[in-house]
Amino acid sequence: MGYDVPQLLTMSQKELDDLFTRSAPGDIPDGEAEGTAIVAPGTTYSGDVAKILNHFAWQGKTFDAAKGQLKNRILPFGLNAIIARIYKEPSWLDGKECIVLDYSDTSLVAQWIRDEIRQIGPGLYLGKVYWNKKRLIDFALKF
């Protein structure tokens, strides 16, 4: 089954977790991805929150697979900042391989953040955000 971002915004947390768990990590992506935060999954306002965050706070990520790093695009004008290292490792969610976006050694602001992503369709990744080991939100990346 093919997925798109609007569909992800309607899914419950359990549905998002199940989709992540049954997906393979895919290749480490390269290039610019449009990001969508998935806050309060399965609620009627999840899409509205995503639009507000996308406009004012976080637009996505720019991956450099050869360097094994990425930069987040933040603020209304898309500043490339907040660098992460990229590598594959077991997921904190289910212990299966995922792509880790690790900020612990690259960012003072986000040093406690770890993102995990898996590919759920052509050019589409589903991600989980952790603060230390506490899960915060989900997100989508569309290339």
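- When all heavy atoms of Ala110 and Ile82 are compared, the pair lying nearest together is CB-CG2, 3.9 Å.
- If you take CD on Gln59 and CD1 on Ile74, they are separated by 8.5 Å, rounding to the nearest 0.5 Å.
- Val100 and Ile28 end up in different hydrophobic clusters when Ile, Leu, Val, Met, Phe, Trp and Tyr side chains are linked at under 4.5 Å.
- Taking the charged nitrogens against the carboxylate oxygens, Asp18 and Lys14 do have a contact shorter than 4.0 Å, which makes a salt bridge.
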Donor-acceptor pairs under 3.5 Å, side chain of residues 115-125 to any protein atom, not counting sequence neighbours: which ones?
unit_1: Asp115; atom_1: OD2; unit_2: Lys61; atom_2: NZ; d: 3.1
unit_1: Asp115; atom_1: OD2; unit_2: Tyr103; atom_2: OH; d: 3.3
unit_1: Glu116; atom_1: OE1; unit_2: Ser91; atom_2: OG; d: 2.5
unit_1: Glu116; atom_1: OE1; unit_2: Trp92; atom_2: N; d: 3.4
unit_1: Glu116; atom_1: OE2; unit_2: Trp92; atom_2: N; d: 2.7
unit_1: Glu116; atom_1: OE2; unit_2: Arg114; atom_2: NE; d: 3.0
unit_1: Glu116; atom_1: OE2; unit_2: Arg114; atom_2: NH2; d: 3.0
unit_1: Arg118; atom_1: NE; unit_2: Glu97; atom_2: O; d: 3.0
unit_1: Arg118; atom_1: NH1; unit_2: Phe20; atom_2: O; d: 2.8
unit_1: Arg118; atom_1: NH1; unit_2: Asp94; atom_2: OD2; d: 2.8
unit_1: Arg118; atom_1: NH2; unit_2: Asp94; atom_2: OD1; d: 2.8
unit_1: Arg118; atom_1: NH2; unit_2: Asp94; atom_2: OD2; d: 3.4
unit_1: Arg118; atom_1: NH2; unit_2: Lys96; atom_2: O; d: 2.8
unit_1: Arg118; atom_1: NH2; unit_2: Glu97; atom_2: O; d: 3.2
unit_1: Gln119; atom_1: NE2; unit_2: Gly121; atom_2: O; d: 3.2
unit_1: Tyr125; atom_1: OH; unit_2: Asp27; atom_2: O; d: 2.7

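- Between Tyr130 and Lys133, the shortest heavy-atom distance links the atoms CD2-O, 3.7 Å.
- Smallest separation of non-hydrogen atoms from Met11 and Leu19: CE-CD2, 4.2 Å.
- If you take CD on Glu15 and OG1 on Thr10, they are separated by 7.0 Å, rounding to the nearest 0.5 Å.
- Ring-plane geometry between Trp58 and Phe139 is classed as perpendicular, the angle between the planes exceeding 60 degrees on a 0 to 90 degree scale with a lower cut at 30.
- Ala65 approaches Asp30 most closely through the heavy-atom pair N-OD1, 2.8 Å.
- Hydrophobic clustering (ILVMFWY, side-chain heavy atoms < 4.5 Å, transitive): Ile113 and Leu75 are in one cluster.
- None of Gln69, Arg73, Lys71 except one satisfies the side-chain hydrogen bond (donor to acceptor under 3.5 Å, both in side chains) rule with Thr62; the exception is Arg73.
- Side-chain contact between Leu126 and Ile38 is present, with at least one heavy-atom pair separated by less than 4.5 Å.
- In terms of heavy-atom proximity, Cys98 sits nearest to Pro25 at CA-CB, 3.8 Å.
- You'll find the side chain of Asp17 reaches within 4.5 Å of the side chain of Lys128, heavy atoms only.
- The list of side chain to side chain donor-acceptor pair (under 3.5 Å) pairs with a residue in residues 33-42, not counting sequence neighbours, is empty.
- Crowding of Lys88 atom NZ: a count of heavy atoms from other residues, nucleotides or ligands under 6.0 Å exceeding 12.
- Side-chain contact check for Leu70 versus Ile83: every heavy-atom pair is 4.5 Å or farther apart.
- One hydrophobic cluster, built from ILVMFWY side chains closer than 4.5 Å, cannot hold both Ile99 and Tyr87; they sit in different ones.
- Taking the side-chain hydrogen bond (donor to acceptor under 3.5 Å, both in side chains) definition, one finds that Ser23 meets it with nothing, sequence neighbours left out.
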### Message
Run the side chain to side chain donor-acceptor pair (under 3.5 Å) test on Gln13 and Asp138 for me, step by step, so that the C-alpha distance in whole Å, both residues' side-chain angles and the decisive distance to 0.1 Å come before the verdict.
### Response
CA-CA 9 Å; Gln13 188 64 63; Asp138 291 70; 2.9 Å; yes
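- A donor-acceptor contact shorter than 3.5 Å is absent between the side chain of Asp102 and the backbone of Ala84.
- Nearest heavy atoms, Ser46 versus Pro41: OG-CA, 4.3 Å.
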